[in-house]
Every structure is written in C-alpha cells, then in structure tokens.
Amino acid sequence: MAAAEDVKSELQLWHVTEPYLHLHCGLGEGPYYEAVTGSLRFVDIKKKRVHVVKNLDNPHPKPEDVETIQLDTPVTVTADIDSVDPRDQILIGAKYGIAALDRRTGTYEYIARFSADVDNVRLRSNDGAVDPHGRFWLGTMTDIGLDLQAEGTLFLFPGGRAPAQPQRHPVTIPNSVGWSPDQRTQYFTNSTERVIFAWAYDPPDPTTNSTTISSSTISTSTTTSTAKPQDRIFYTHNGPGEPDGFRVDEHGYLWQAVYGEGRVLRISPAGELVGEVRLPTRNVTCVQFVGTELFITSAAMGEGEGGGGSEEEIALGGALFRVEVGVRGVEPFLFRLG
C-alpha cells in the first residue's frame, strides 16, 4: 500500500507500507521497463540474476510468476538494443564490460570490455544507462567482498564493439547517469561523495563518433573529488545514507534512491528537495517509472548495518516496491549495436 500527503505545502510525501514482490535479493538493482512486453526487469548483483516480472497487472505476484535468469557473472544493469527484440536479446552490464544476453539460452557474449588488455579482477561494473545517441555509460567499482577503494572509473561505450572510453577516474562508487527531458543536461551520482553532478550535454561529433560533452576529458586527479571545472554540483546529500540510483521524470525532476535511509527523494530541476517516498526498509537502491507508478528496488541488510535496523526493515530488505506518484518518466534510450 502507498499513500501521498502534503507537508507544510512544501514537501510532498508518499508512504509505502508493504512490498509488491519479495524475492529476497541480496542486492536488487537496475529496474528497467520493457515496453514491448509490458514487463519489468531488475537484477540481483550479489546473486548474479536477472529477474523479469511479466504481468504488472497482477497486484500480488509470487516468485513463481517471475522469470529468472541465473548467470555466472555479476549483472548490474540492463538495457534494450536498437532493432533487437528484447524477448530474444538484451544488453547487460557484466563484470568486465557490456555483453549481449540471449534470453532464450541464458548465455551471454561480451560486446566490449573496460580494458583492451587484461581484465581487472578486483573490479566489476555498477550502474549505467544508454544516452540519447545510443552510447552506454557504465561505471566500475571494487567487487563485492573486497576492500572498497577509490579505484573505479566512469566509462563510455560509444556503440557497437568500439572500446570503452574512460571519462572520470578515480571514483569509489559511480552510480546512475541520466538526462534532462530536453537532453541538454547530463546528471551523474557519485555515491561516496554524496553528490549529484550536472554538466552540459551535446551530441557526439559524427565525424569521430566520440563524445563532445563539456566534461568528457578524463580526470586523473588523485584527490577524493571527481568534480571538474565544467561540472556543477546539482545536489548534495546531507543525510547518513548515500544517493544510489535515480530516474528523471517528464518534468525534469530526479527521483533519487538513498541507500541506508529508506527514502527516494524527488529533486527539482533547480536542485531543491520537493518530495520523498518513504519505505519500510533502509537499503533502497534504484527506481523505474512504469506509467505513473514508481517501482523501487532494495538490498538486504547485513549484520550490524545501519545500527541493525528494526525487524521489519531487515525482513523487507531485498524486496521490490511500487507506488503511484502521478507523473511519468523519461523514456529510456536504445543501445546502438550496429
């Protein structure tokens, strides 16, 4: 169940009290609406699974109503491929780069890797998205179970099998990227800095097929900040949690999940907090619009995490939630494989 209310005519609140579906994900992430089939995909990074909820009209789906593809690699995000039926093949973020996943066989093949030389076993992919010109932005971070370090990079895959282009480094946890409805602004969440950056976004140069966004030159700074002179800080989070995944709505507002706080923030195009969704578990990871509803993924709570949490918070960690928010999201873009 979910309900909305206004507080002091300033901050709009939605309350979610129960999960829509509970698969007990270790690290639920990357929700994506598959428009062709009217289904919702999301991943479990820790358990290396892709889940597909095929009938969103069912108000109380059970685990047996979900298609699950078990992989042998961490899968962190998915996207549709231009001119390819997603029932046959989709794009995934895998441990060492982007890959095409055959939905029928459950097998995958790398399209392009982060490194043209030797794979770095310490790293895995994290969040990412296709940009308005069919290229894929994807970050890397320390893999699960290893000591977390500032060794990640935000990469750009320019399309097809072209090698990845590093855009900024080092980053500890590079997270969501997204674009304003007019496609003139790109947003990037740096979780450990608790900052959402914004910069001007321009089309690629068609003669070189390389990005011309104002901040595209790689940052090799050894400082903790990944900001560049052309960036602006769009939003700084002051709470105990870390901003995780986001989506942009049709009016240019960001819906930003906050890991560790059980909240999704609605942030205006001016960078002001104007609303929030409150959930019954703390580790909220990412969101996805389906019509005017918002679907929200979460992660399990580890022992001692966030002071332990209540019984309910722990029990509902890793569940999928949904809430009516009265606004639609910006449609996702398709990866240009050919």
Side-chain angles (χ1 to χ4, degrees), residues 20-21 23 25 28-45 47-58 61 63-112 125-138 157-162 176-179 245-248 250 285-297 320 322 328-338:
Y20 167 64
L21 172 69
L23 298 180
C25 290
E29 266 282 10
Y32 186 97
Y33 180 55
E34 189 176 287
V36 171
T37 61
S39 57
L40 183 83
R41 303 193 301 254
F42 63 102
V43 302
D44 186 336
I45 298 176
K47 296 181 180 179
K48 305 176 182 179
R49 294 170 179 170
V50 177
H51 297 297
V52 185
V53 186
K54 294 186 174 182
N55 181 11
L56 298 180
D57 293 328
N58 182 355
E64 53 265 31
D65 299 323
V66 179
E67 172 194 350
T68 297
I69 304 173
Q70 179 69 57
L71 301 179
D72 62 359
T73 184
V75 54
T76 61
V77 65
T78 73
D80 286 352
I81 303 171
D82 191 23
S83 302
V84 175
D85 190 329
R87 289 167 288 197
D88 296 327
Q89 191 177 72
I90 59 174
L91 186 78
I92 62 170
K95 180 172 173 66
Y96 297 123
I98 57 173
L101 172 65
D102 187 317
R103 291 274 296 273
R104 302 185 187 281
T105 66
T107 59
Y108 63 93
E109 177 185 359
Y110 276 100
I111 296 170
S125 65
N126 198 41
D127 204 355
V130 182
D131 72 14
H133 304 285
R135 305 168 301 182
F136 199 80
W137 295 74
L138 185 62
F157 291 88
R161 297 185 179 274
S176 276
V177 293
W179 293 265
F246 71 80
R247 297 290 185 267
V248 181
E250 59 188 340
T285 56
C286 199
V287 302
Q288 175 61 49
F289 287 96
V290 177
T292 58
E293 288 188 293
L294 196 68
F295 284 74
I296 305 164
T297 51
L320 176 69
R322 70 188 295 179
R328 297 178 181 273
V330 173
E331 295 295 327
F333 305 103
L334 305 178
F335 180 68
R336 190 185 61 220
L337 182 58

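The shown structure was predicted, so the numbers you read here are calculated from the model rather than taken from an experiment. No hydrogens, no waters, no symmetry mates; every other heavy atom, side chains included, goes into these values.
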Taking NZ, NE, NH1 and NH2 as the nitrogens, is one of them in [X] or [Y] under 4.0 Å from a carboxylate oxygen of the other?
X	Y	result
Lys54	Asp65	no
Asp102	Arg104	no
Glu250	Arg328	no
Glu34	Arg103	yes

Kindly give the heavy-atom pair with the smallest separation between [X] and [Y], and that separation in Å.
X	Y	result
Tyr33	Leu56	CE1-CD1, 4.1 Å
Ala162	Ala112	O-CB, 3.6 Å
Phe136	Ala79	CE1-CB, 4.0 Å
Asp80	Pro86	OD1-CB, 3.6 Å
Val75	Arg49	CG1-O, 3.5 Å
Thr78	Tyr32	O-CD1, 3.5 Å

Q: Check step by step if side-chain contact (heavy atoms from CB on, under 4.5 Å) holds for Leu294 and Phe289.
A: CA-CA 5 Å; Leu294 196 68; Phe289 287 96; 3.8 Å; yes
What distance do [X] atom [atom1] and [Y] atom [atom2] have between them, rounded to the nearest 0.5 Å?
X	Y	atom1	atom2	value
Asp82	Phe335	CG	CZ	10.5 Å
Leu23	Thr68	CG	OG1	6.5 Å
Leu101	Thr105	CG	OG1	7.5 Å
Ile296	Glu293	CD1	CD	10.5 Å
Ile92	Glu109	CD1	CD	11.5 Å
Arg336	Ser83	CZ	OG	12.0 Å

Counting distance only, does the side-chain N/O of [X] pair as donor-acceptor with the main-chain N or O of [Y] below 3.5 Å?
X	Y	result
Ser125	Ala94	yes
Arg161	Leu337	no
Tyr20	Phe295	no
Tyr108	Asp72	no
Arg41	Gly30	no

Q.
With side-chain contact (heavy atoms from CB on, under 4.5 Å) as the criterion, how do His51 and Asp44 come out once you've worked through the C-alpha distance, each side chain's angles and the decisive distance to 0.1 Å?
A. CA-CA 8 Å; His51 297 297; Asp44 186 336; 4.2 Å; yes
Q) Would you say Glu67 has more than 12 foreign heavy atoms packed within less than 6.0 Å of its CD? A) yes
Q.
Can you pull out every salt bridge (charged side-chain N to carboxylate O under 4.0 Å, His left out) where at least one residue sits in residues 89-100? Sequence neighbours excluded, please.
A. Lys95-Asp143
(Q) Under the criterion side-chain hydrogen bond (donor to acceptor under 3.5 Å, both in side chains), I'd like the reasoning laid out for Asp127 against Ser176: C-alpha separation, chi angles, the key distance, then a yes or no. (A) CA-CA 5 Å; Asp127 204 355; Ser176 276; 2.5 Å; yes
Q.
Ignoring hydrogens and geometry beyond distance, is a side-chain donor-acceptor pair present between Trp179 and Asp131 at under 3.5 Å?
A. no
(Q) side-chain contact (heavy atoms from CB on, under 4.5 Å) for Ile81 and Leu334? Distances and angles first, verdict last. (A) CA-CA 5 Å; Ile81 303 171; Leu334 305 178; over 6 Å; no
A side-chain contact here means heavy atoms from C-beta on lying under 4.5 Å apart; do [X] and [Y] qualify?
X	Y	result
Leu91	Ile111	yes
Arg135	Val130	no
Leu71	Ile69	yes

Q: Name all residues meeting the side chain to side chain contact (heavy atoms under 4.5 Å, CB included) criterion together with Thr297; count only those two or more places apart in sequence or in a different chain, and write none if there are none.
A: Pro31, Phe42, Thr285, Cys286, Leu320
